[in-house]
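These numbers come from a predicted model, not from an experiment.
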Amino acid sequence: MQWNLLITGCSVLLIILLMIKEYRRPNRRLLGLRLLASVLAVCSLAGMALPLSFKTTKPAGAGGPLIVLTEGATPDSVEKFLANRNLRIYTTDTGLLKRFRHLRPELVPGTDHLAARHPGRAWEIFGYGLDAYELKALSGTSYRFHPPQDPDGITSVYWPAQLDAGTALTVQGFYRNGGPRPVKLVLRAFGNSLDSAMIAAGGSAFELTAMPKPMGKAVFSLVSISGTDTISADPVPVTIETPEPLRVLMLSEAPDFEYRFLKDWLAENGYGVTVRTRITGDKFDVRFTGPGPSEMERITPAALAGYDLVLAGHRELAALRRDELGALESAVERGMGLVVRTDTAMEKTFYARHFPVRPVSRPEQAPLFRLAGERKTEFRLDDPAVLQIRPAGGTRPHLTDTKNHIVVSSRLFGRGYVLVSALQPTYPLVLQGRTAAYGALWSSILSSAAARKTEPLQRISPLLPRSGEPAELETSASPERLPRISVSGTLLVPEQSMNLYDRWKTVYWPEEPGWVPIQTEGAPPASFYVYPDNAWRTVRLTGRLNETRRHASPETGGPVHREEVRMSEQPVPKTWLFAIFLISCGFLWHATKILSAGIYAGRKNM
């Protein structure tokens with residue numbers, strides 16, 4: 001700052017001195033030009049010593065757009081867009097270098113590198129687009145998207161990553177079939193076909209179901225076949241766990257065959273069961289398998305503390321004392337499950353108003369019942385339900401008949417679930433030899449109502465992580481201090497979630513496909529599956545299309561962001577100032593010679 005003031009002050013003094021000198025010359029010819037040249041000479045000399053600059057405006061994408069090639073780009077579409085224009089072409093895919101070698105694209109390590117190398121330049125993206133993590137580098141950059149036709153194949157898919165033993169695996173999704181021939185989808189495991197579905201021309205949704213047999217980690221395969229050609233074979237990894245046996249308390253208003261058969265089935269499958277049957281008034285018969293309670297005459301918080309689930313008839317619950325019903329409600333709100341069997345309208349309980357019921361007429365033929373999301377688990381009962389549970393806010397249907405009448409429904413109460421069943425006795429399934437359907441029904445009901453255990457790995461993004469790409473992991477741990485999270489032996493530093501304080505986020509870059517172990521401090525070990533590069537290709541490309549389109553204008557394919565006009569500050573070129581200084585000094589020197597010659601000639605004539 002002091003240097004600038006010194007130069008400016010000296011320049012002003014020098015201009016004043018030169019102007020006085022010019023005014024004192026006896027020959028006043030070219031006085032105006034001489035004064036101007038003196039000022040320009042001093043100002044240009046000062047400008048070379050001072051950091052002079054000027055502001056200018058230009059579009060953010062000035063300099064022409066960048067052509068970015070992604071998987072699915074075609075030479076014809078790129079050449080048509082170029083139309084003999086000389087634009088720079090880039091790609092992050094080494095597989096496109098050979099196909100576009102006549103256009104000489106340049107390989108870059110990533111979109112973040114390209115955005116930093118050419119800040120403010122507009123992009124023209126060809127192909128299926130970019131992944132979500134790659135699009136983050138384009139924040140504030142305008143671009144247009146030139147997608148090809150949507151790819152054929154499985155465009156979306158879902159299956160549960162973890163299953164309890166005895167629970168069916170259900171794979172759901174949508175297949176886009178752009179060809180004229182039907183496509184067969186086959187779910188396989190260890191070389192055996194478990195389920196299949198046919199996809200007609202045009203495409204449709206599909207659902208494949210199988211009952212996993214192995215325990216631990218297993219990788220199924222979903223194969224797409226057209227005629228005799230195998231189109232794709234994608235892995236379906238699943239972790240199958242043996243659930244901890246539930247501790248079940250059954251409250252019966254009277255001796256009942258349904259409770260007797262259910263108690264035997266629970267005991268055979270390792271559940272801890274206590275059955276309290278009301279004999280008369282406040283007289284009860286208590287039976288249990290394994291170590292049982294010493295006191296079950298009263299329902300108290302201490303008595304309920306040893307159970308994961310209570311299964312009772314509505315009449316028995318309505319007959320409880322107010323303090324007993326309050327203890328049961330508090331236990332449910334803390335996470336315990338409650339299954340209620342009813343054959344009448346419900347009242348006088350905390351859950352009744354959330355499950356409105358209405359009577360239904362007995363059909364001539366026994367209806368077919370189906371578990372929600374498990375089309376393979378179907379059965380008929382000779383004595384069907386006489387009540388229908390009406391839909392209500394917050395409830396979820398769990399068992400319906402073919403006419404979509406709800407007979408089993410559930411709702412969240414605090415941290416626990418209440419499940420109400422209007423289903424009539426199910427033990428006839430055992431008498432008919434349909435033990436598999438009986439077991440699947442009650443396994444589903446009990447597991448849906450039982451207390452949920454906290455999984456250490458809560459979320460992974462993307463859902464199908466690949467090697468060489470970042471995977472964001474969200475784990476559950478104590479919010480009190482920074483937890484130690486180790487993935488495949490690598491210690492990672494997590495970041496606490498802003499919304500859920502017991503959730504911690506971290507990013508991991510897997511190197512090889514396969515199962516990757518993760519260990520969170522204070523939690524049991526977990527794992528997730530990393531997919532090969534060619535797995536679920538159509539799902540991945542469809543995700544790229546949707547993500548890239550989501551940030552582009554749906555009408556024109558142009559950018560959401562308007563083309564920005566940026567103000568930039570440019571330094572005054574020193575060469576310009578030096579040229580002005582030379583011209584000004586040259587003029588003053590030449591003018592001085594002319595004036596001197598004129599004076600000398602005038603004196604000689606005298």
Side-chain angles (χ1 to χ4, degrees), residues 69-77 93 95-96 99 125-132 145-161 168-212 219-238 370 372-376 378 462-466 513 529 531-550 552 554 557:
L69 307 179
T70 64
E71 184 177 355
T74 59
D76 292 341
S77 61
D93 191 341
L96 297 177
R99 189 177 184 186
I125 301 176
F126 288 83
Y128 291 116
L130 303 171
D131 288 315
F145 186 36
H146 308 269
Q149 185 179 2
D150 289 353
D152 290 342
I154 300 175
T155 59
S156 62
V157 68
Y158 171 77
W159 68 89
L169 167 65
T170 302
V171 182
Q172 300 172 317
F174 187 88
Y175 191 99
R176 184 180 184 276
N177 184 10
R181 302 173 60 183
V183 175
K184 184 179 182 180
L185 300 181
V186 182
L187 182 61
R188 291 179 177 173
F190 308 104
N192 299 321
S193 298
L194 306 177
D195 198 5
S196 62
M198 295 299 297
I199 307 296
S204 65
F206 65 87
E207 180 179 312
L208 303 175
T209 306
M211 187 64 70
V219 180
F220 294 73
S221 180
L222 184 55
V223 184
S224 306
I225 303 173
S226 178
T228 58
D229 299 328
T230 299
I231 302 174
S232 63
D234 300 307
V236 181
V238 178
R370 177 179 299 166
E374 299 183 24
R375 63 182 178 87
K376 297 297 184 183
E378 299 176 340
L463 293 176
L464 305 175
R466 298 195 306 159
Y529 191 82
Y531 296 82
D533 289 342
N534 59 347
W536 299 107
R537 178 176 179 272
T538 307
V539 173
R540 177 169 49 85
L541 296 181
T542 302
R544 285 184 174 183
L545 281 170
N546 295 336
E547 281 293 323
T548 311
R549 282 172 175 158
R550 190 164 63 90

### Message
Using the side-chain hydrogen bond (donor to acceptor under 3.5 Å, both in side chains) criterion, which residues pair with Asn177? Sequence neighbours excluded.
### Response
none
### Message
Give me each pair satisfying salt bridge (Lys or Arg N to Asp or Glu O under 4.0 Å) with a member in residues 539-548, each pair once, sequence neighbours excluded.
### Response
Glu71-Arg540, Glu71-Arg544, Asp131-Arg544, Glu547-Arg550
### Pairs where residues 219-236 contributes a residue and the test salt bridge (Lys or Arg N to Asp or Glu O under 4.0 Å) is met, not counting sequence neighbours
none
## Note on the structure
For Tyr128, the ring pair (Phe, Tyr, Trp, His ring centres under 6.0 Å) test, sequence neighbours excluded, returns none
#### Entry: Contacts of Tyr175 that satisfy ring pair (Phe, Tyr, Trp, His ring centres under 6.0 Å) - sequence neighbours left out
none
Residues in side chain to side chain contact (heavy atoms under 4.5 Å, CB included) contact with [X], at least two apart in sequence or another chain:
X	result
Asn534	Pro532
Ser204	Ile199
Pro147	Phe145, Leu545, Arg549
Ser156	Phe174

Any [X] side-chain heavy atom under 4.5 Å of [Y] side chain:
X	Y	value
Thr170	Trp159	no
Leu464	Val539	yes
Leu208	Leu222	yes
Phe220	Val171	no
Trp536	Val236	yes
Arg466	Asp533	yes
Pro237	Tyr531	yes
Thr70	Leu130	yes

### Message
Assess the residue pair Phe126 and Thr74 against the criterion (side-chain contact (heavy atoms from CB on, under 4.5 Å)); give the C-alpha distance rounded to whole Å, side-chain angles, the decisive distance to 0.1 Å, and a yes or no.
### Response
CA-CA 8 Å; Phe126 288 83; Thr74 59; over 6 Å; no
#### Entry: Rounded distance [0.5 Å steps], CG in Asp150 versus CZ in Arg176
5.5 Å
### Task
State the CD-OH distance between Gln172 and Tyr158, to the nearest 0.5 angstrom.
8.5 Å
### Residue pairs passing the side-chain hydrogen bond (donor to acceptor under 3.5 Å, both in side chains) test where at least one lies in residues 219-228, sequence neighbours excluded
Ser224-Ser232
Considering non-hydrogen atoms only, spot the tightest contact between [X] and [Y] and give its length.
X	Y	value
Ala210	Pro212	O-CD, 3.3 Å
Pro180	Ala201	O-CB, 4.0 Å
Thr209	Ala168	CG2-CB, 3.8 Å
Arg181	Gly227	NH2-CA, 3.1 Å

Residues 182-194 side chain polar contacts: donor-acceptor under 3.5 Å, at least two apart:
none

